[in-house]
Amino acid sequence: MRTKIALCLGAALTMISCTVKNDKVEGFRYLVDEFADLKVMRYTIPGWENLSLQQKEYAYHLAEAAKWGRDILWDQNSAGNIALRHALENILENYKGEREGADWDAFVVYAKRVFFSNGVHHHYAEDKFFPECGRPYFEGLLEAVGADKCIAEYVYDTTTGQQRRSNAQKGDIVKLSAVNFYDGVTREEVENYYKSIEVEGDPHPIAYGLNTKVVKQDGKIVELPWKKGGIYDGAISHICEELSKAAEVAENDIQKNALKLLVKYYETGDLHVWDEFNIEWVKDTLGTVDFINGFIEDYNDPLGRKGSWEGYVNIKDAEASRRTEILSKNAQWFESNSPVDPRFRKEKVKGISAKVINAVCLAGDSYPSTPIGINLPNADWIRKEHGSKSVTIANITHAYDYAAQESPKNMLDEFAWDDAEKALVRKYGQWADEVHTDLHECLGHGSGQLLPGVSTTAMGEYASALEEARADLFGLYYTADPKMVELGIMPDMEAYKAEYSSYIRNGLFTQFTRVELGRPNTEAHMQNRKLIAQWCYEKGAKDNVIEKKVRDGKTYFVVNDYEKLRDLFAELLAEIQRIKSEGDYKAGKYLIETYAVHIDPELHKEVRARYEALNLKPYGGFINPEIVPVKRAGKIVDYKVEYPDDFLGQQLEYGRKYRAL
């Protein structure tokens, strides 16, 4: 489970009791490219120079393993993506014709968008996008480099695969989705198949369907595994090779054992081994270098089963982790005092490990757009019996802020109601937002429990949005708790108000700069924020808890009563926890479809127009640093970090070096 960054305000902050590490590098350019609705940034790796040679080598091989998974995600996102990418690479590297003019410029922007989204569907909104150059011109480029002109049909087709993950209210969402998880099967067939093989009442259920493609062969439903020797063998073989090299230089025996289990899982496709790996991986709380590698999150699957491939390598920020360690040590207090029905609380919280990290390499579903917080593993029973790992990704969050500082205009000045609100956010906003992320990832996702017999897939296509809402509400509720001041995490009882006002403003209004006019709100994290903000706005209307104000033709949303807003957060948290714990699909569906999907068309037009006037880009992603071995006399003596600044250049380099499918 992951936290995606909201629209960045770029507000600076100095804290009293807990200081954000100043990792800004003077003279380093964080914002390096902008196109369409996207901005591309760079991040640095604080602490790299303090690693031992063994730790650097360990991180290097983990990063190589992560990069080798690139093609998997491209193919998962849609079956035609890899052929298209190869054609784009061919044109960009070998086309001998005119490389100037409106059509060529439009083609380059389209290519960048495809690389950014790992395919033809917007990485966040999930709708298919199209080149602004005409089809004849595009076909001419293909012909000039000897590429198949049929690829143009995939690019310009407006009849099929228009959403990566369909959330249509009518029709079969499996057939309507472009993702390459299913072929020749219907939603009903898939759901009946899994219902037939799931073991009812199993206290330790595997993640049925996490690592397979479902097809029909000879009239029967069959799962084809993503494993070595199966689908994606070319990429997975390279991943296993690098993971095995990493195991040889791991920091401790737990890491070595975990990596061996991960390789075994890739070799067998056995989800029981996947669980064994996760249990072992959770045990490693002492190592500095850590990683994610595998089919992890099910956000892209319309049925919430299939894991998109993801890789992540990071190093612990020991100084910044003191905050999350305090939360971990007090996890039982937060669980026991949660405003949910005691039946749905964990009686004993186990093994919550929380830390602040700095990213070293982003890959797969985390590249180039990446979360700012992660909580894994996803299996409820592993979290309950063995614990979980939660991380806040400091250097990514800071890079967003530093890049925003390079822009002359910002969201806060345009959309905050008055100077007092702006001052509040500038004083506390960045810190309060990071604390909210900590609570969301470190404790929120790991809180609560399912009642016996409730399936982990009971929420179906609404599971992701509801789970993100549950974790967000947990964080929002506790951000304002006096316990946070007592623990030294929040400086005073005013700080939380900065997060409350920013969250409501974003959930009701500013996040929709990211959605095309006339389109519904479909992305799980955005649905989560809309659900919370809209529900609280409507339920608190009689007390004017949140007020819609208009000044000079501009709309603002202002929090009038922070204490009552916290009470509303508590009420909604209790309900969503009940829904999850009881497996109440009907109630979960009602919340999402009533509060999370519809966007007021007039407000949508307004927020888009005001945002466009700021000349800002609503979505961001990153270029990876390069880890380069340093040799002397034929022996590796160090691994240095280089910071490329060419987004397209890195994409083409990855295409040459890590092409596996």
Side-chain angles (χ1 to χ4, degrees), residues 72-73 75-81 119 121 126-128 154 157 159-202 205-227 230-232 268-272 274 295-309 365 378-380 450 453-467 522 524 583-590 592-593 597:
I72 297 176
L73 181 74
D75 187 70
Q76 286 183 312
N77 281 345
S78 185
N81 281 337
H121 298 89
E126 303 188 285
D127 295 321
K128 187 176 181 181
Y154 175 67
D157 179 19
T159 61
T160 60
Q162 299 306 292
Q163 278 190 302
R164 185 178 63 195
R165 175 189 60 89
S166 174
N167 63 348
Q169 300 301 309
K170 296 181 180 180
D172 189 323
I173 57 176
V174 166
K175 290 190 170 184
L176 291 172
S177 296
V179 286
N180 193 19
F181 298 150
Y182 307 98
D183 187 19
V185 295
T186 66
R187 173 179 183 170
E188 183 179 10
E189 288 173 328
V190 174
E191 291 181 336
N192 287 340
Y193 167 75
Y194 282 115
K195 186 177 180 180
S196 73
I197 65 172
E198 289 178 349
V199 179
E200 187 175 350
D202 185 357
I206 59 172
Y208 292 94
L210 182 72
N211 63 337
T212 61
K213 180 176 180 177
V214 178
V215 301
K216 189 180 289 186
Q217 293 181 349
D218 299 325
K220 294 182 179 180
I221 302 296
V222 176
E223 290 186 89
L224 303 179
W226 302 325
K227 66 169 189 147
I231 298 180
Y232 305 138
T268 63
D270 187 341
L271 288 169
H272 292 96
W274 173 246
F295 304 102
I296 310 290
E297 303 290 0
D298 58 18
Y299 298 120
N300 291 349
D301 179 10
L303 300 185
R305 286 188 180 273
K306 307 298 172 185
S308 295
W309 194 90
D365 202 29
N378 285 329
D380 283 286
L450 301 180
V454 174
S455 171
T456 57
T457 61
M459 292 299 103
E461 67 269 38
Y462 304 105
S464 295
L466 289 169
E467 176 57 25
T522 61
D584 190 345
Y585 175 87
K586 184 177 179 180
K589 177 181 179 180
Y590 172 80
I592 296 298
E593 294 188 355
V597 178

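These numbers were taken from a predicted model, which means no experiment stands behind them. The figures here come from the full heavy-atom set of this structure, side chains too, leaving out hydrogens, waters and symmetry mates.
- Nearest approach of Trp309 to Ile72, heavy atoms of both residues: CB-CG2, 3.6 Å.
- Contact detail for Tyr299 and Ser464: the closest heavy-atom pair is CD2-OG, 3.1 Å.
- Interatomic distance, CG of Leu271 versus OH of Tyr208, reported as 9.5 Å (0.5 Å rounding).
- Pro205 places none of its side-chain heavy atoms less than 4.5 Å from the side chain of Val199.
- Contact check for Lys216 versus Ile221: side-chain heavy atoms found under the 4.5 Å cut-off.
- For Gly304 against Asp298, the heavy-atom pair with the smallest separation is O-OD2, 2.9 Å.
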Does Asn378 form a side-chain contact (heavy atoms from CB on, under 4.5 Å) with Glu297? I'd like the steps, not just the answer. CA-CA 8 Å; Asn378 285 329; Glu297 303 290 0; 3.2 Å; yes

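- Counting only distance, with no hydrogens or angles, the side chain of Asp218 and the backbone of Lys220 share no donor-acceptor pair below 3.5 Å.
- In summary, Lys195 and Glu191 do not engage in a salt bridge, as defined by a charged side-chain N under 4.0 Å from a carboxylate O.
- Side chain of Ser78 to backbone of Asn81: no donor-acceptor contact under 3.5 angstrom is found.
- Within the 4.5 Å cutoff, the side chain of Tyr182 has heavy atoms near those of the Leu303 side chain.
- Side-chain contact between Trp274 and Leu210 is present, with at least one heavy-atom pair separated by less than 4.5 Å.
- From Ile231, atom CD1 reaches atom CG of Leu224 across 4.5 Å, with rounding to the nearest 0.5 Å.
- Side chain of Asp172 to backbone of Arg187: a donor-acceptor contact under 3.5 angstrom is found.
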Show your working on side chain to side chain donor-acceptor pair (under 3.5 Å) between Tyr462 and Glu593 and close with a plain yes or no. CA-CA 9 Å; Tyr462 304 105; Glu593 294 188 355; 2.5 Å; yes

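- Interatomic distance, CD1 of Ile206 versus CD1 of Ile197, reported as 7.0 Å (0.5 Å rounding).
- Taking OG of Ser177 as the start and CG of Asn77 as the end, the distance is 11.5 Å to the nearest 0.5 Å.
- Smallest separation of non-hydrogen atoms from Ala465 and Ile592: CB-CD1, 3.7 Å.
- Under the 3.5 Å distance criterion, with hydrogens and angles disregarded, no donor-acceptor pair is assigned to the side chains of Asn167 and Thr522.
- Atom CG of Asp75 is separated from atom CZ of Phe181 by 9.5 Å, given to the nearest 0.5 angstrom.
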Assess whether side-chain contact (heavy atoms from CB on, under 4.5 Å) is satisfied between Gln76 and Asp365, documenting all intermediate values. CA-CA 10 Å; Gln76 286 183 312; Asp365 202 29; over 6 Å; no

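- Between Ile173 and Pro302, the shortest heavy-atom contact is CD1-O, 3.7 Å.
- In terms of modelled atom types and a separation under 3.5 Å, the side chain of His121 and the main chain of Gly161 share a donor-acceptor contact.
- The cationic atom of Lys128 (NZ for Lys, CZ for Arg) lies less than 6.0 Å from the six-membered ring centre of Tyr154 and within 45° of the ring axis.
- A side-chain hydrogen bond (donor to acceptor under 3.5 Å, both in side chains) with Glu126 is found for one member of Gln162, Arg165, Gln163 and no other, namely Arg165.
- Separating the CG atom in Leu450 from the OG atom in Ser455 is a distance of 8.5 Å, to the nearest 0.5 Å.
- Between Val214 and Glu189 there is no side-chain heavy-atom pair separated by less than 4.5 Å.
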The test is side chain to side chain donor-acceptor pair (under 3.5 Å); show your working for Asn180 and Lys213 and say whether it passes. CA-CA 8 Å; Asn180 193 19; Lys213 180 176 180 177; 2.9 Å; yes

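- Between Glu223 and Arg305 there is no salt bridge, since no side-chain nitrogen of the basic residue lies less than 4.0 Å from a carboxylate oxygen of the acidic one.
- Contact detail for Val179 and Asn300: the closest heavy-atom pair is CG1-O, 3.5 Å.
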